[in-house]
Every structure is written in structure tokens, then in C-alpha cells.
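Below is one structure; the comments refer to it alone.
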Amino acid sequence: MLRIAVLVSGGGTNLQAIIDSIADGRIKDTQIVKVISNKADAYALKRAEENGIASEAVVRKDFLDKEAFHEALIRAVDEAQPDLVVLAGFLVVLPLKMIEKYRGRIINIHPSLIPSFCGNGFYGLKVHEAALARGVKVTGATVHFVDEGTDTGPIIAQKAVEVQEGDTAEILQKRVMEQAEWIILPGVINDIACGKIQLK
Ligand code: GAR
């Protein structure tokens with residue numbers, strides 16, 4: 001059984017896709033052991049509660065400095081003893097110590113085709129605003145292993161999505177989620193659970 005900890009900051013639709021995929025068998029041999037959020041009011045925490053999943057909020061302003069916040073975050077993850085850490089819309093730069101400790105065991109979903117529209121400052125709706133501003137006709141989503149850089153780790157899966165005339169950032173975000181994110185993230189987790197993917 002693959003034990004996963006899911007880290008979130010917002011609505012948690014990717015978390016929901018993981019929960020649903022475990023329930024309907026698209027993800028096998030996997031258990032979400034904990035959901036951790038850096039926002040106390042993240043709707044994702046509600047989703048965890050509704051599904052009987054342990055959760056914890058680790059909020060920066062509750063700590064004196066960044067170091068104490070980072071320690072608490074690492075402790076929250078360690079306590080769950082996960083085999084895999086899934087960043088599902090987690091908008092905090094991970095502590096280096098955590099990246100080293102969990103190397104090859106942290107994956108992230110990013111809402112573009114990396115290396116386009118990624119790196120510092122590219123998160124959430126901003127990614128789609130940038131794609132529309134550049135006028136690309138195809139965008140998509142990427143799942144990758146996390147390393148020390150921002151969105152620089154080895155790519156595991158990508159799926160392309162068409163940009164359509166009249167798209168707003170919100171409409172495009174929803175299409176990328178429906179046609180790419182909610183499919184490839186559960187797919188990668190299942191592949192890891194089945195031993196098909198590992199970082200070499
Ligand atoms: C998703 O689109 C995810 O790809 C993005 O945040 C959104 C979270 O939505 N992540 C990033 O931009 C990371 N750089 P959700 O909370 O509904 O899953």
C-alpha cells in the first residue's frame with residue numbers, strides 16, 4: 001500500500017480527483033494518510049474532513065520565523081510517514097531539507113507544459129493569464145518530481161489542452177484541470193503505486 005501525503009493551499013480539486021480515483025480503482029493500492037495545508041481556511045481541508053482523512057494546517061503566521069514554519073511543515077509530513085508526497089496546488093516553496101529528505105518521493109502538478117510558463121511567480125491563474133497573453137494555441141499540464149529548483153525537476157507526464165477563442169484565464173484553467181490535471185496526476189500516482197515509475 002502506497003502511503004501518500006497531499007499538500008494543498010486552496011480549493012483542492014486535484015485532491016478530490018485523487019480521492020475519487022482511489023475510490024473507483026483508477027489508483028490502486030494507495031491510501032491518503034494526511035492532507036496538509038498552509039491555509040487554515042483552504043476548502044481542500046473540508047474535502048479531507050468529509051472523506052475521513054487526517055488533516056493539519058501549518059500556517060506561516062503562526063510561527064516566529066520561516067525556519068520554525070519549515071520545521072513544523074517537515075514535522076507534519078514526517079508524522080504521516082508517507083511513501084510519496086504529492087503537491088496538489090501547494091503554493092509554498094518547499095524547505096531544502098524536505099527536498100533532500102524526500103528526494104524522488106515528492107511530485108508536483110503544474111498547470112502548463114513545462115518549460116513554458118513555469119518557475120518563480122507562475123502559479124494558479126497567473127499561469128493561464130501568461131499563456132493567453134503570449135497567444136499560445138496549446139497549453140496543458142505537467143507532473144514532475146520535485147528538486148531544488150522551481151518546476152525544474154524531471155518530468156513524469158504531460159498532457160496538452162487546446163486554447164480556444166474567447167478563453168478567459170478562468171475558462172482555460174478549468175479546461176486544463178478537466179482535460180489534463182485531474183487525469184495525469186491520478187495516473188502518475190497509480191503508476192508509482194504499481195512500481196512503474198521511479199526516480200533514478
Ligand atoms: C492547480 O491548477 C495546480 O496545477 C496549480 O494550482 C491549482 C490548484 O487547484 N498549481 C500550481 O500552479 C503550482 N505551481 P486545486 O486546489 O483545485 O487542486
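Both counts, for ligands and for their atoms, begin at 1 and track the order of listing. Just so you know, these numbers use all the heavy atoms, side chains as well, and skip hydrogens, waters and symmetry mates.
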Closest protein heavy atom to atom 16 (O) of ligand 1, given as residue, atom name and distance to 0.1 Å: Gly12 N, 2.7 Å
Protein heavy-atom partner closest to atom 4 (O) of ligand 1 - residue, atom, separation in Å: Glu181 OE1, 2.8 Å
With a 4.5 Å heavy-atom cut-off, do Val58 and Phe63 have their side chains touching? yes
Would you say that Leu94 contacts Leu87 through its side chain, given a criterion of any heavy-atom pair below 4.5 Å between the two side chains? yes
Got a sec: does the [atom1] of [X] have more than 12 other heavy atoms crowding it under 6.0 Å?
{"X": "Glu162", "atom1": "CD", "value": "no"}
{"X": "Asn120", "atom1": "CG", "value": "no"}
{"X": "Glu178", "atom1": "CD", "value": "yes"}
{"X": "Tyr123", "atom1": "OH", "value": "no"}
{"X": "Glu67", "atom1": "CD", "value": "no"}
{"X": "Arg134", "atom1": "CZ", "value": "no"}

Polar atom proximity, [X] to ligand 1 (N or O, under 3.5 Å):
{"X": "Met177", "answer": "no"}
{"X": "His110", "answer": "yes"}
{"X": "Thr13", "answer": "yes"}
{"X": "Gly10", "answer": "no"}
{"X": "Gln173", "answer": "no"}
{"X": "Asn14", "answer": "yes"}

Counting heavy atoms only, which of Gly89, Pro111, Ser37 is nearest atom 11 (C) of ligand 1? Pro111
Could you check whether any heavy atom of Ala44 sits closer than 4.0 Å to an atom of ligand 1, since that is the contact criterion I want to use? no
Please verify whether a non-hydrogen atom of Ile109 lies at under 4.0 Å from ligand 1. yes
Which segment of Phe122 sits under 4.0 Å of ligand 1 when only heavy atoms are counted: backbone
Please identify which atoms of ligand 1 are closer than 4.0 Å to at least one heavy atom of Gly124. 11 (C), 12 (O)
Under 3.5 Å side-chain donor-acceptor pair for Arg47 and Gln16: yes
